[in-house]
Asker: 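Have a look at this one.
Worth knowing before you read on, the calculation uses all heavy atoms, side chains too, and leaves out hydrogens, waters and symmetry mates.
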Amino acid sequence: MSDQIMLNIAGVNKRFGGLQALTDVGIKIMQGQIYGLIGPNGAGKTTFFNVITGLYQPDTGTFELAGKPYSPSAPHEVAKAGIARTFQNIRLFGEMTALENVMVGRHVRSRQGVFGAIFRHKAAREEEASIRARAQELLDFVGIGAFANRTSKFLSYGDQRRLEIARALATDPQLLALDEPAAGMNATEKLALKELLVKIKAQGKTVLLIEHDVKMMMSLCDRITVLEYGKRIAEGLPAEIQSNQAVIDAYLGGSH
């Protein structure tokens, strides 16, 4: 972990009609951290996540990635800036193979464009071979390399989750944003996911993680922000979060 700030967001407000979904929310993530975002249902976690990744436009807010301002104007622009995300509901190309799904992610960094794809000149062929090789490396990294040529809809649930992460990593992100990657997983799959996230961190990647499994978050994250009713009520080390009375009240509904 370094002392460089990877993601620095401040003053985010978001309103949907008469509902104030986010109120002056901010977050600061250092390079190489696994950073958690938790809160009870309806706390605003997904709204904030969607603002960060360009799905929702904020009413106000400042956004910096690796020290440079970025505009969360659209998901593809955010991806170019260096943030890759997954979704709570699996979004794979079901009729494509695992390898092809990862190659789609890698094409975000393609330099040859439409002309090269159509005319298949040497540079385009070489780049395509490089994309294919890198996609296989990523499948091996997440533990499903043996299923490279399997149609993605026939993969197990846990393997589909790993495939989504491989596709996100294919964009060479500076920040990997994961929206409830453990949702629907059994205990064995969750353990494998946790081990994978530790491997990703060991490579110097920065991870922003939303997850309902609080026990998993406390054992995995370097720091955690807690939201309730669209406001940040706590931020700190996992041990600090676990002993914070405002957090306890938010989850348990009163003083305990």
Side-chain angles (χ1 to χ4, degrees), residues 1-14 21-22 24-37 44-88 91-93 101-114 116-117 127 130-131 134-135 137-138 141-142 163-181 197 200-201 203-211 221-223 225 227 232:
M1 198 184 311
S2 76
D3 57 0
Q4 179 186 356
I5 299 173
M6 178 53 66
L7 185 69
N8 191 9
I9 295 175
V12 173
N13 288 275
K14 178 63 179 176
L22 297 172
D24 195 29
V25 179
I27 196 170
K28 185 183 291 184
I29 306 176
M30 309 304 291
Q31 181 179 355
Q33 283 185 331
I34 297 178
Y35 197 102
L37 187 62
K45 304 182 299 296
T46 298
T47 298
F48 187 47
F49 206 78
N50 286 341
V51 166
I52 292 172
T53 56
L55 280 178
Y56 294 161
Q57 302 305 302
D59 299 325
T60 65
T62 59
F63 300 80
E64 290 185 353
L65 182 67
K68 298 180 180 179
Y70 84 92
S71 174
S73 56
H76 69 280
E77 294 296 338
V78 172
K80 286 182 180 179
I83 298 177
R85 70 165 292 174
T86 64
F87 291 84
Q88 181 178 350
R91 299 190 182 184
L92 295 171
F93 298 104
N101 267 275
V102 181
M103 290 177 69
V104 168
R106 190 64 185 167
H107 276 108
V108 170
R109 302 299 177 195
S110 174
R111 295 186 299 272
Q112 296 304 317
V114 175
E127 184 179 62
S130 175
I131 288 172
R134 178 56 178 157
E137 288 176 3
L138 288 168
F141 176 76
V142 302
L163 176 55
E164 281 197 313
I165 293 173
R167 185 175 62 183
L169 288 172
T171 69
D172 281 342
Q174 297 187 79
L175 177 75
L176 180 63
L178 305 177
D179 187 359
E180 297 192 32
L197 294 180
I200 291 171
K201 176 184 175 180
Q203 288 199 333
K205 294 291 186 183
T206 308
V207 179
L208 172 60
L209 181 63
I210 292 180
E211 185 52 61
C221 296
D222 297 295
R223 294 187 75 84
T225 279
L227 297 182
R232 190 174 77 170

Asker: Mind checking ring pair (Phe, Tyr, Trp, His ring centres under 6.0 Å) for Phe141 and listing every partner two or more places apart, or none if nothing turns up?
Answerer: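 Partners of Phe141 by the ring pair (Phe, Tyr, Trp, His ring centres under 6.0 Å) criterion come out as none, since no residue qualifies.
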
Asker: Mind checking ring pair (Phe, Tyr, Trp, His ring centres under 6.0 Å) for Phe49 and listing every partner two or more places apart, or none if nothing turns up?
Answerer: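 If we apply the ring pair (Phe, Tyr, Trp, His ring centres under 6.0 Å) test to Phe49, skipping adjacent residues, there are no hits.
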
Asker: For side-chain contact (heavy atoms from CB on, under 4.5 Å), just list the numbers for Lys14 and Asn50, CA-CA rounded to whole Å, side-chain angles, deciding distance to a tenth of an Å, and then say yes or no.
Answerer: CA-CA 11 Å; Lys14 178 63 179 176; Asn50 286 341; over 6 Å; no

Asker: Which side-chain N or O atoms in residues 67-74 pair as donor and acceptor under 3.5 Å with protein atoms at least two apart or in another chain?
Answerer:
from: Tyr70; atom 1: OH; to: Ile52; atom 2: O; distance (Å): 2.9

Asker: Does Asp24 come within less than 4.0 Å of Arg232, counting only side-chain N to carboxylate O?
Answerer: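 Arg232 and Asp24: not salt-bridged.
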
Asker: Do you know which two heavy atoms are closest between Met30 and Asp3, and how far apart they sit?
Answerer: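 Heavy-atom minimum between the residues: CE-O, 3.1 Å.
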
Asker: Show your reasoning for whether side-chain contact (heavy atoms from CB on, under 4.5 Å) applies to Leu209 and Leu37.
Answerer: CA-CA 6 Å; Leu209 181 63; Leu37 187 62; over 6 Å; no

Asker: Could you tell me the separation between the NZ atom of Lys201 and the CD1 atom of Ile34, rounded to the nearest 0.5 Å?
Answerer: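 Lys201 atom NZ to Ile34 atom CD1 measures 5.5 Å (nearest 0.5 Å).
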
Asker: Which atoms form the tightest heavy-atom contact between Thr47 and Ala21, and what is the distance?
Answerer: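 Nearest heavy atoms, Thr47 then Ala21: CG2-CB, 4.1 Å.
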
Asker: Could you give the distance from CZ (Arg85) to CG (Leu175), rounded to the nearest 0.5 Å?
Answerer: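 That separation rounds to 11.5 Å.
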
Asker: Compare every heavy atom of Gln33 with every heavy atom of Asp222, then report the nearest pair and how far apart it is.
Answerer: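 For Asp222 versus Gln33, the nearest heavy atoms are OD2-CA, 3.3 Å.
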
Asker: Looking only at heavy atoms, what is the nearest atom pair of Arg167 and Leu92, with distance?
Answerer: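 It is NH1-CA, 3.8 Å.
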
Asker: Any donor-acceptor pair under 3.5 Å linking the side chain of Thr171 with the backbone of Ala84?
Answerer: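 Checked: no pair found.
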
Asker: Are Leu197 and Leu178 close enough, and set up right, to give a side-chain contact (heavy atoms from CB on, under 4.5 Å), and what steps lead you there?
Answerer: CA-CA 10 Å; Leu197 294 180; Leu178 305 177; 3.4 Å; yes

Asker: How long is the span from the CG atom in Leu22 to the CG atom in Asn13, to the nearest 0.5 Å?
Answerer: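 Reported value, rounded in 0.5 Å steps: 7.5 Å.
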
Asker: For residues Leu176 and Lys205, determine if any side-chain heavy atom of one lies less than 4.5 Å from a side-chain heavy atom of the other.
Answerer: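 Leu176 vs Lys205: side chains apart.
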
Asker: Atom CD1 of Ile29 and atom CE of Met6: how far apart are they, to the nearest 0.5 Å?
Answerer: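 It comes to 9.5 Å.
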
Asker: With heavy-atom distances below 4.5 Å as the criterion, would you say the side chains of Asp179 and Thr46 are in contact?
Answerer: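 The answer is yes; the side chains approach within 4.5 Å.
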
Asker: Looking only at heavy atoms, what is the nearest atom pair of Leu169 and Pro173, with distance?
Answerer: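 Closest pair (atom of Leu169, atom of Pro173, distance): O-CD, 3.5 Å.
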
Asker: Just verifying a value: how many Å separate Leu7 CG and Glu64 CD, rounded to the nearest 0.5 Å?
Answerer: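 It comes to 9.5 Å.
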
Asker: Within a strict 4.5 Å, meaning less than it, do heavy atoms of the Leu163 and Val142 side chains meet?
Answerer: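 In short, these two side chains do not touch, never coming nearer than 4.5 Å.
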
Asker: If I compare all heavy atoms of Leu65 with all of Ala81, which pair ends up nearest, and what's the gap?
Answerer: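 That closest heavy-atom pairing would be CD2-O, 3.2 Å.
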
Asker: For Glu164 and Arg91, indicate whether the former's side chain and the latter's backbone hold a donor-acceptor pair under 3.5 Å.
Answerer: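 Such a contact is found between Glu164 side chain and Arg91 backbone.
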
Asker: Taking atom types as modelled and ignoring hydrogens, do the side chains of Thr225 and Tyr35 form a donor-acceptor contact shorter than 3.5 angstrom?
Answerer: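 Present: a donor and an acceptor within the cut-off.
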
Asker: Please lay out, stage by stage, how Ile9 and Phe48 fare under the test side-chain contact (heavy atoms from CB on, under 4.5 Å).
Answerer: CA-CA 10 Å; Ile9 295 175; Phe48 187 47; 4.2 Å; yes

